[in-house]
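See structure below.
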Amino acid sequence: MNWYGFIIACGIVICVVSAYFTARKRGIEGDVVIDIIIICLPLAILFARIYYVVFDVIDGKHWTIKGFLGFDDNTGDFEGLEGLAIYGGLIGATIGAVILWLWKNRKKNPVDKRISFMQLLDLGFTFIILGQAIGRWGNFANQEAYGGVIENPSHKFFPIGVFIDEDSSWHYATFFYESLWNTIGFGLLLFLYIGKRKSFDGFIISSYCIYYGIGRAWIEGMRTDSLWLVPPTDGVGGIRVSQLLSILLIIFGLVYITVHCVRAKKAGKKIFIFVDQAKLNDNYFGYDKTKLAHPMPDIYGKKKVKEQEVVFDNNGLAVVGDGDISDADGFKSDNATGEDAVLMQKSVGVSDGAVKEEEVYEDKWDD
């Protein structure tokens, strides 16, 4: 059994199911998660492979088309895609997010079904880090992504080290260090995403970049199988690709959050970071563009209308008998006639002389 593939597949399923229900809780259409899988996942796998092969070639390795596709060059048997780089996968997923964003925001798509690019990234990367945490155990199954040899006998036990059959030695279990780091990071990002205190769109992806970048830059320096942008000379020097990208991610995250704070000050509004959801309003910079201000109608649009007796005027239009009818916007009328009565009849629904409970929602969000 290919444990690496099985673990990766399990990680994908867990992330998809979790993201689906989390999206709905945040006020985003659950189908967005399915779209992410259809568009972003294949691109993530493709770019993870391309990234790995390109930098492996830079390091002096030889690759053929068959090898790139996962087939043995001699026998032609499929051996699987051994050699997928996480950063390549992140690049592919981000490209997929751009495509999905353009698709979701086309003119003929209803306004309430649209989603911004940063909202896509916030949702996606909240669970990508969970997938990374699970996926690292695939490295354990393949006995890869480990660190240098452990010399101290007192450290030769898991989880500090892992025994590698290839050289019959104990190595630092860097795959486990990153899995643990990512698991903690997932908990933090999930808290930021669905907790009571909210932040502006793009804060989650910025936090991911800072948090993951710090952990990866540190752990990558311990690994013995890094991909190199500039290979070391006689084991000295060199530039590890993942460390360089990690530093760039940290810088991006810090800059993006700083820009939000500066723009909020210039606009004369409050900074939208760690704000109690119950206290959120348009005074916070960027709040009016979030799904928090304009949730999906099929999630939050249901309004209960008290059942009342309905009578009809001389024109056969429904009017209120005893009591008031209130629509979702608080409109009330004691004896509505003409167009108002028709609007109320359509809004609350009339059947057999009674007012039904109806889902009422009016979207005024201009994306």
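As a basis for the values below, the full set of heavy atoms in this structure was taken, side chains included, without hydrogen atoms, waters or symmetry mates.
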Verify side chain to side chain donor-acceptor pair (under 3.5 Å) between Y208 and T126, making sure each step is shown before the conclusion. CA-CA 8 Å; Y208 168 89; T126 297; over 6 Å; no

Evaluation steps, side-chain contact (heavy atoms from CB on, under 4.5 Å), between R197 and V275: CA-CA 5 Å; R197 292 192 171 273; V275 183; 5.6 Å; no

Could you go step by step and tell me if E151 and V149 meet the side-chain contact (heavy atoms from CB on, under 4.5 Å) rule? CA-CA 6 Å; E151 302 294 346; V149 175; 4.0 Å; yes

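Within the model, atoms CG of L90 and CG of L249 stand 7.5 Å from one another, a figure rounded to the nearest 0.5 Å.
Between F158 and F140, the ring-plane angle classifies as tilted under the 30° and 60° cut-offs. Ring geometry for F200 versus H260: interplanar angle under 30°, hence parallel rather than tilted (30 to 60°). Ring geometry for F6 versus W3: interplanar angle over 60°, hence perpendicular rather than tilted (30 to 60°).
Summarising the local packing, CH2 of W103 is surrounded by 12 or fewer heavy atoms from other residues, nucleotides or ligands at distances under 6.0 Å. Counting non-hydrogen atoms of neighbouring residues, nucleotides and ligands closer than 6.0 angstrom, the CZ atom of F191 reaches no more than 12 such neighbours. A 6.0 Å sphere centred on CH2 of W137 holds more than 12 heavy atoms belonging to other residues, nucleotides or ligands. More than 12 non-hydrogen atoms from other residues, nucleotides or ligands lie less than 6.0 angstrom from NZ of K61.
Taking a cutoff of 4.0 Å between a charged side-chain nitrogen and a carboxylate oxygen, K104 and E29 qualify as a salt bridge.
Exactly one of T183, L190, L189 qualifies for a side chain to side chain contact (heavy atoms under 4.5 Å, CB included) with F186. That residue is L190. Considering N105, D201, T94, L102 in turn, T94 is the only one that fulfils the side chain to side chain contact (heavy atoms under 4.5 Å, CB included) rule with F117.
Using modelled atom types and a 3.5 Å distance limit, the side chains of R223 and T174 yield no donor-acceptor pair. There is a side-chain donor-acceptor pair under 3.5 Å between Y87 and S246.
The minimum heavy-atom distance linking R240 with S226 is given by the pair NH1-OG, 2.6 Å. Closest approach of G202 and S206 over heavy atoms only: O-OG, 2.7 Å. What you find for D225 and A145 is that their closest heavy atoms are OD2-N, 3.1 Å.
A cation-pi geometry, defined here as NZ or CZ lying under 6.0 Å from the six-membered ring centre and within 45° of its normal, does not hold between R263 and F285.
In this structure, the ring of W181 has its center less than 6.0 angstrom from the ring center of Y211.
Panel note: side chain N142, backbone E144; no donor-acceptor pair is recorded below 3.5 Å.
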